[in-house]
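Taking it in order: structure first as structure tokens, then the write-up.
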Amino acid sequence: MTPKRWTNKEQRRHLEGEIDAYLEAKKSHNLTDFWDRMHREWFELWPESEGDEADEGEKIEDRKEQLKTWFRNNTGDKGRKAARATPIIVGVPRKQTRLLRPEEMYARLRYKGELQETVANEIKEQNVGLGSEEVREFILKEVAAQRRHQSDEVEKTPQAYAEIIAAIPTILSQVFEDLAEKSGWSFDVVCGGPDPENGGRVRTMGFHQGKNKIGQSFSQAYPGYKETVLRPFSAFLKSVYSPSTCEARALHREEAST
């Protein structure tokens with residue numbers, strides 16, 4: 001049975017906006033400061049119901065544990081595993097594969113090894129035909145098949161999207177740490193889109209490479225980061241992805257367990 005969700009929409013949005021800060025704090029072994037700030041902001045926004053002081057203290061501790069569990073469940077090892085399983089090369093242009101002309105296909109199908117290039121050149125230079133009508137028809141079919149195969153795209157599934165999204169923090173960390181070292185620059189990246197593991201709802205994520213003299217990243221040093229960066233970007237994303245697209249990206253519980 002699926003456990004009942006304990007967060008409302010506004011709370012989930014708040015927690016999702018803290019994922020990058022959590023990952024950064026975890027990476028720098030500074031979770032104590034993260035939790036101090038997180039708990040302070042959380043209970044200011046959503047204080048526990050007043051009552052017996054002992055009961056209230058117990059509710060606060062239970063809520064803190066729920067918050068820790070939420071972050072573990074939404075940023076777990078799957079991101080690192082997906083990153084290792086998904087090689088991404090930055091800065092290397094993808095080689096474009098040229099479609100073979102009919103005479104080249106004919107040479108490839110009929111000849112092997114070192115003769116292939118020689119025969120293809122002779123065919124081109126001497127304008128040699130493709131033989132009988134049956135051979136010509138066969139070769140043209142092969143060329144058409146190659147064209148169809150080249151234009152086919154690998155089908156994307158919510159599960160495939162979810163695995164890559166989970167890997168984004170690790171991938172960006174690897175990429176921008178290397179770029180920062182080589183360029184001497186700082187980087188701030190904002191990305192987002194439908195989150196399969198959150199019913200296809202739009203989610204934003206930020207990555208911050210570079211800290212100021214007191215050890216703060218851009219998101220920490222700029223008080224208006226959420227309101228003036230993340231929220232407008234989230235609104236933009238909702239104009240990019242239609243409700244039907246978001247719904248189609250949703251990862252159902254059955255898919256998540258496979």
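Fair warning: this is a prediction, and the values are worked out from it, not measured in the lab. Worth knowing before you read on, the calculation uses all heavy atoms, side chains too, and leaves out hydrogens, waters and symmetry mates.
The side-chain heavy atoms of Trp70 and Ile19, taken from C-beta on, include a pair separated by under 4.5 Å. Looking at heavy atoms from C-beta onward, His14 lies in side-chain contact with Glu41 at the 4.5 angstrom threshold. Within the 4.5 Å cutoff, the side chain of Leu15 has no heavy atoms near those of the Arg12 side chain. Using a 4.5 Å cut-off on side-chain heavy atoms (C-beta onward), Asp188 and His208 make contact. Counting heavy atoms from C-beta outward, Leu31 and Tyr22 have side chains that approach closer than 4.5 Å. For the pair Glu24 and Lys211, the minimum side-chain heavy-atom distance is below 4.5 Å. In this structure the side chain of Lys26 never reaches within 4.5 angstrom of the side chain of Phe34, judged on heavy atoms. Contact of the Ile165 side chain with the Arg203 side chain is registered, since non-hydrogen atoms from C-beta on lie closer than 4.5 Å.
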Would you mind writing out the side-chain donor-acceptor pairs for residues 223-233 within the sub-3.5 Å range, not counting sequence neighbours?
{"residue": "Lys226", "atom": "NZ", "partner": "Glu18", "partner atom": "OE2", "Å": "2.6"}
{"residue": "Glu227", "atom": "OE1", "partner": "Arg231", "partner atom": "NE", "Å": "3.4"}
{"residue": "Glu227", "atom": "OE2", "partner": "Arg231", "partner atom": "NE", "Å": "2.9"}
{"residue": "Thr228", "atom": "OG1", "partner": "Tyr222", "partner atom": "OH", "Å": "2.9"}
{"residue": "Thr228", "atom": "OG1", "partner": "Gly224", "partner atom": "O", "Å": "2.5"}

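Judged by distance alone, with hydrogens and angles left aside, the side-chain atoms of Gln11 form a donor-acceptor pair with the main-chain N or O of Asn8 at under 3.5 Å. A distance-only check finds no donor-acceptor pair linking the side chain of Ser173 to the backbone of Pro169 [under 3.5 Å].
Counted within 6.0 Å of CH2 on Trp46, heavy atoms from surrounding residues, nucleotides or ligands total more than 12; the atom is thus considered enclosed.
Geometrically, Arg249 engages Tyr161 in a cation-pi contact defined by less than 6.0 Å to the ring centre and at most 45° from the axis.
Aromatic ring orientation, Trp35 versus His39: parallel (interplanar angle below 30°, classes split at 30° and 60°).
Between the CH2 atom in Trp6 and the CG atom in Asp62 there is a gap of 11.5 Å [rounded to 0.5 Å]. A distance of 10.0 Å separates CD of Glu16 from CZ of Phe71, quoted to the nearest 0.5 Å. Atom CD of Glu197 sits about 7.5 Å away from atom CD of Gln159, to the nearest 0.5 Å.
Using a 4.0 Å cut-off between charged nitrogen and carboxylate oxygen, Arg13 and Glu10 do not count as a salt-bridge pair. One finds a salt bridge joining Arg72 and Glu65 here, because a Lys/Arg side-chain nitrogen approaches an Asp/Glu carboxylate oxygen to under 4.0 Å.
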Check against ring pair (Phe, Tyr, Trp, His ring centres under 6.0 Å), Phe207 and Phe187
CA-CA 8 Å; Phe207 177 82; Phe187 297 87; 8.8 Å; no
